[in-house]
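Take a look at the structure below.
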There are 2 protein chains.
Amino acid sequence: MTIDEGQLKVLLVKRGQDPYKGRWAIPGGFVHENENFRDAAERELVEETAIHIAATHLEQLHTYGEPDRDPRMRVVTVGYLALVPALEAPKAGTNARCADLVPVSNILGSLLPGHLAFDHDVILRDAVDQARTMLETCSVATAFVQEPFSLSQLRAVYEIIWSQRVDTGNFRRKVLSTPGFVVRTGERGTPRRGGGKPPDLYRAGDKVRLDPPIRRLTSGSPSWPGDRKPVPQVSGQYAAFGRDGVSP
Amino acid sequence: MTIDEGQLKVLLVKRGQDPYKGRWAIPGGFVHENENFRDAAERELVEETAIHIAATHLEQLHTYGEPDRDPRMRVVTVGYLALVPALEAPKAGTNARCADLVPVSNILGSLLPGHLAFDHDVILRDAVDQARTMLETCSVATAFVQEPFSLSQLRAVYEIIWSQRVDTGNFRRKVLSTPGFVVRTGERGTPRRGGGKPPDLYRAGDKVRLDPPIRRLTSGSPSWPGDRKPVPQVSGQYAAFGRDGVSP
DNA sequence: TAAATAGTGTCTCTGAGACATTATATT
DNA sequence: AATATAATGTCTCAGAGACACTATTTA
């Protein structure tokens with residue numbers, strides 16, 4: 001997942017073979033012998049996107065094992081979620097299959113299931129839920145922005161992923177009063193066109209537990225339909241090519 | 001996991017075969033063809049303990065797949081955590097292998113790893129962490145007590161799993177002010193010997209999110225070494241026999 | 001200058017922490 | 001009566017929500 005053009009997006013691949021030929025799917029592949037899951041996830045991510053792994057938050061989420069989830073044979077998927085900052089010009093992958101960043105709202109927004117191949121709708125929904133919860137209790141939001149970043153950029157991560165407005169002052173107070181969340185660089189950024197005070201810049205601190213958590217409105221529906229302005233500094237079209245995911 | 005004799009205990013089986021012959025292990029087995037993970041976990045639980053599944057909270061935790069975790073071959077374990085109330089006299093299993101409830105502190109208390117077979121120390125530690133966190137943010141504590149229960153019993157669940165004192169009044173206020181956490185039956189329990197006011201009794205409500213969460217002292221070490229008095233009503237020796245876990 | 005954005009301050013209110021107090025039982 | 005436990009009340013304080021205000025840039 002990444003934040004691009006003010007939206008939460010997922011990297012998906014378009015399947016080139018049956019089953020689900022032509023449908024979007026979460027990239028993945030088979031774990032090698034003598035390879036652990038995390039290494040496998042990193043390897044697949046590199047193959048698909050050539051993303052620089054060092055700056056990536058990668059985490060195991062959930063394992064999917066319904067017997068009929070792949071019509072060909074029984075396949076078990078261990079789902080991993082990677083949080084990556086929006087990159088300007090990621091290198092293309094080595095393979096011929098089409099991969100692209102797709103807005104999450106395009107897929108989960110419609111209530112009809114079956115947009116993605118296999119049970120990947122469910123997986124994606126779980127991943128988004130997980131990301132939302134993680135922002136509440138831990139300082140992972142920094143994984144979505146490139147360093148150095150302003151607090152407005154960091155706040156935008158919360159607003160986009162939660163689909164909720166977050167108060168400037170309160171957010172600032174919380175972040176800065178949490179030891180280790182961010183580290184001030186001393187630099188100041190350049191204001192956006194249209195004007196504005198140049199923001200203080202920060203780097204990510206340690207991965208820290210937020211206690212008490214940052215609360216979001218628990219209301220089921222987003223309080224804030226679609227009047228989002230684009231997010232500062234977080235922009236740039238993103239497309240990559242990688243090989244088709246072989247397995248669900 | 002269950003709470004028994006005022007302690008958090010795990011059901012473990014003693015391995016009858018190499019590798020790790022004679023060591024305690026988390027019960028488990030292979031998933032059948034055309035069986036999903038949850039059903040497999042329930043089946044294994046029944047085989048080991050004959051526990052009545054209906055009252056059981058069962059949840060997938062994490063998946064372990066290091067290539068060398070089983071010396072015989074590569075085996076992937078999808079870990080499930082079951083929270084069950086202490087039962088008075090569970091039926092014995094069908095198999096000859098020894099199974100028993102072991103206090104978690106006996107295993108994780110000592111800092112030396114390698115008490116359990118395979119990487120089960122790690123799995124157990126993850127499970128306990130997960131249980132601790134779940135109590136903070138959701139109303140699962142009710143899964144540990146038999147209905148109807150008093151608020152003191154419910155509070156004891158928190159105290160035992162967190163190894164921390166929890167204030168009577170504040171706990172009460174929080175639980176009762178959370179809609180759906182517990183439902184009052186109208187009955188009153190009998191006081192314990194030694195005297196006391198008969199407590200109001202409750203049943204578990206819906207599984208509800210605690211927002212804001214119940215906070216525990218985030219300090220790493222338990223604030224409260226070992227001066228625990230036994231827990232009210234939650235008692236009764238527990239032993240069961242089941243077949244040896246075939247796989248890690 | 002107006003507009004836009006970043007940073008700061010302040011008032012209030014919720015809810016948790018830390019008690020004290022009352023109620024109802026056993027011994 | 002002494003003791004034990006359950007239930008209730010109360011004072012205080014940390015921290016979030018809401019919002020106003022100041023600072024510094026571009027157009």
Side-chain angles (χ1 to χ4, degrees), chain A residues 6 136-137 148-156 158-159 162 164-179 181-182 184-202 210-219 223-224 228-234, chain B residues 6 136-137 148-156 158-159 162 164-179 181-182 184-202 210-219 223 229-234:
Chain A
E136 293 184 281
T137 58
F149 52 84
S150 69
L151 288 190
S152 290
Q153 287 174 287
L154 192 64
R155 189 168 45 84
Y158 279 85
E159 296 191 330
W162 285 353
Q164 250 177 70
R165 285 233 165 270
V166 175
D167 182 87
T168 322
N170 299 338
F171 179 77
R172 184 176 205 75
R173 190 208 303 157
K174 178 69 177 180
V175 171
L176 296 183
S177 71
T178 302
F181 196 153
V182 295
R184 190 159 175 176
T185 64
E187 308 164 288
R188 327 201 72 178
T190 56
R192 293 187 255 169
R193 62 167 182 220
K197 185 175 178 175
D200 293 338
L201 295 183
Y202 299 83
L210 270 35
D211 183 46
I214 306 185
R215 293 177 63 183
R216 64 175 152 144
L217 274 50
T218 159
S219 61
S223 63
W224 170 34
R228 235 343 244 166
K229 283 185 272 188
V231 174
Q233 315 275 10
V234 184
Chain B
E136 293 184 280
T137 59
F149 52 84
S150 70
L151 289 189
S152 290
Q153 287 175 285
L154 192 64
R155 189 168 45 85
Y158 278 85
E159 295 190 331
W162 284 354
Q164 243 177 66
R165 285 233 164 270
V166 175
D167 181 87
T168 323
N170 299 338
F171 179 77
R172 187 178 200 74
R173 190 209 301 158
K174 179 67 178 181
V175 171
L176 296 182
S177 71
T178 302
F181 196 153
V182 296
R184 189 157 175 177
T185 64
E187 309 165 286
R188 325 201 74 178
T190 56
R192 293 186 256 168
R193 65 168 180 220
K197 185 174 177 174
D200 294 338
L201 295 184
Y202 299 83
L210 270 35
D211 183 46
I214 306 185
R215 295 178 61 184
R216 64 175 151 144
L217 273 49
T218 161
S219 60
S223 63
K229 284 185 273 186
V231 175
Q233 315 275 11
V234 182

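The chains referred to below are lettered A, B, ... by the order of the sequence lines, with proteins before strands, and numbering in each begins at 1.
The side chain of A:R192 lies closest to C:dT5, out of D:dT5, D:dT25, C:dT5. The side chain of B:K197 has D:dA7 as its nearest neighbour among D:dA7, C:dA16, C:dG7. In this structure, the nucleotide among D:dA7, D:dA16, C:dA16 sitting nearest to the side chain of B:R172 is D:dA7. Distance from the side chain of B:R155 is smallest for D:dA6 among the nucleotides D:dA6, C:dG17, D:dC19. Taking every side-chain heavy atom of B:P199 into account, D:dA7 is the closest of C:dT8, D:dA7, C:dT5.
One atom, CG of A:D167, and another, C1' of C:dG9, lie 12 Å apart when rounded to the nearest Å. Taking atom CZ of A:R173 as the reference point, atom P of C:dT10 lies 12 Å away to the nearest angstrom. Atom CZ of A:R193 and atom P of C:dA4 are 13 Å apart (whole Å). Rounded to a whole Å, the CG atom of B:D200 is 11 Å from the P atom of C:dT24. For the pair B:F171 CZ and C:dA18 P, the computed distance is 16 Å after rounding to whole Å. Rounded to a whole Å, the CZ atom of A:R165 is 20 Å from the P atom of D:dA16. Spacing between atom NZ of B:K174 and atom P of C:dG15 amounts to 8 Å, rounded to whole angstrom units. Rounded to an integer number of Å, the gap from CG of B:L176 to C1' of C:dG15 is 15 Å.
Nucleotides of DNA chain C nearest to B:S177 and B:G169 differ in position, and the one nearer the 5' end is that of B:S177. Residues B:L151 and B:R215 each lie close to DNA chain D; by heavy-atom proximity, the contact nearer the 5' end of the strand is made by B:L151. Closest-nucleotide positions on DNA chain C for B:P213 and A:L201 were compared, and the one nearer the 5' end corresponds to A:L201.
Heavy-atom contacts from other residues, nucleotides or ligands closer than 6.0 Å to CZ of B:R184 number 12 or fewer.
In this structure, CG in A:L201 is found 7.0 Å from OG in A:S150, a value given to the nearest 0.5 Å. For the atom pair CD (B:E136) and OG1 (A:T137), the distance works out to 9.5 Å, reported to the nearest 0.5 Å.
Distances shown here put a side-chain N or O of B:S152 below 4.0 Å from the OP1 or OP2 atom of D:dA6.
Of the charged side-chain nitrogens involved, at least one lies within less than 4.0 Å of a carboxylate oxygen, so that A:R165 and A:E159 count as a salt-bridged pair.
For A:R172 against A:D200, the heavy-atom pair with the smallest separation is NH2-OD2, 4.5 Å.
Donor-acceptor pairing under 3.5 Å, judged by distance alone, is present between the side chain of A:N170 and the base of D:dA18.
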